[in-house]
Amino acid sequence: MKNHYEVLIGEGNAELDQRLSDELDKVNHAATIGTPAARELTVQILDKHGELAAGMSGWTWGVAAGIAMTWVREDVRKDGLGSQLLQDFEVEALTRGCTHVFTTSFTFQAPGFYERHGYQELFRWEGLPTPDAADIHFRKELVPLSK
């Protein structure tokens with residue numbers, strides 16, 4: 001690298017994340033003319049006190065949807081909130097024109113949850129993020145909403 005560049009290495013940087021997202025959005029838009037830009041998709045479930053009991057965040061873009069993060073508060077696990085999050089996410093993805101959903105789960109998280117809801121394993125990376133774990137990638141075909 002030439003001497004007139006400076007390299008900065010650090011922790012989280014919201015400004016950098018936004019700039020990278022904006023720049024990649026430009027590239028993606030140019031490569032997918034006629035396809036609406038990616039949109040974030042979130043689902044929240046609040047308890048009777050207005051506190052977050054469960055949440056899911058991801059995106060939709062063209063015919064694809066992706067789940068980035070899913071979390072259910074420990075004291076309400078097994079109450080069906082994860083299933084509700086997933087159902088609402090998938091319905092909104094269908095409404096936005098998506099035909100499938102992608103997600104990942106480490107073996108110590110919830111791969112069985114996704115499998116029980118019709119997600120099929122595409123592949124797994126053994127030894128991530130620790131030698132005794134794996135990162136499993138899933139896909140589910142969505143069934144169009146009846147009119």
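As a basis for the values below, the full set of heavy atoms in this structure was taken, side chains included, without hydrogen atoms, waters or symmetry mates.
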[atom1]-[atom2] distance between [X] and [Y], expressed to the nearest 0.5 angstrom:
X: T70; Y: L85; atom1: OG1; atom2: CG; answer: 7.0 Å
X: T107; Y: D132; atom1: OG1; atom2: CG; answer: 7.5 Å
X: R139; Y: E121; atom1: CZ; atom2: CD; answer: 14.5 Å
X: I67; Y: M56; atom1: CD1; atom2: CE; answer: 4.5 Å
X: L94; Y: L142; atom1: CG; atom2: CG; answer: 4.5 Å
X: S57; Y: W71; atom1: OG; atom2: CH2; answer: 12.5 Å

Please tell me whether [X] and [Y] are part of a single hydrophobic cluster in this structure, the criterion being side-chain heavy atoms less than 4.5 Å apart.
X: V76; Y: L86; result: yes
X: F113; Y: L81; result: yes
X: L24; Y: F102; result: no

Task: Within 6.0 angstrom of E23 CD, more than 12 heavy atoms from elsewhere - done: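 For E23, atom CD is crowded (more than 12 foreign heavy atoms under 6.0 Å).
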Task: Matching residue for K140 among Q120, H100, E90 - test: side chain to side chain donor-acceptor pair (under 3.5 Å) - done: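 By the side chain to side chain donor-acceptor pair (under 3.5 Å) criterion, K140 pairs with just one of Q120, H100, E90: E90.
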Please check: side-chain N/O of [X] versus main-chain N/O of [Y], any donor-acceptor pairing under 3.5 Å?
X: R124; Y: H137; answer: no
X: S105; Y: A110; answer: yes
X: S21; Y: D17; answer: no
X: E92; Y: F89; answer: no
X: R73; Y: L52; answer: yes

Could you check if a side-chain atom of [X] sits within less than 4.5 angstrom of a side-chain atom of [Y], using non-hydrogen atoms only?
X: L46; Y: E51; result: no
X: F138; Y: P111; result: yes
X: W125; Y: I136; result: no
X: L8; Y: E6; result: yes

- [ ] State plainly whether the residues E15 and R19 are in salt-bridge range, i.e. N to O under 4.0 Å.
- [x]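 Judged by the 4.0 Å cut-off on N to carboxylate O distance, E15 and R19 do not form a salt bridge.
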Between [X] and [Y], which heavy-atom pair has the shortest distance, and what is it?
X: V72; Y: R77; value: O-NE, 2.7 Å
X: C98; Y: G62; value: SG-O, 3.9 Å
X: L41; Y: A93; value: CD2-N, 4.2 Å
X: P36; Y: W61; value: O-CD1, 3.3 Å

Task: Short side-chain donor-acceptor distance under 3.5 Å, R96 and T60 - done: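 Yes.
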Task: Sequence neighbours excluded - salt bridge (Lys or Arg N to Asp or Glu O under 4.0 Å) pairs with any residue from residues 79-88 - done: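 Applying salt bridge (Lys or Arg N to Asp or Glu O under 4.0 Å) to every pair that reaches into residues 79-88, excluding sequence neighbours, yields nothing.
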TODO: Name all residues meeting the ring pair (Phe, Tyr, Trp, His ring centres under 6.0 Å) criterion together with H29; count only those two or more places apart in sequence or in a different chain, and write none if there are none.
DONE: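 Residues passing ring pair (Phe, Tyr, Trp, His ring centres under 6.0 Å) with H29: none at all.
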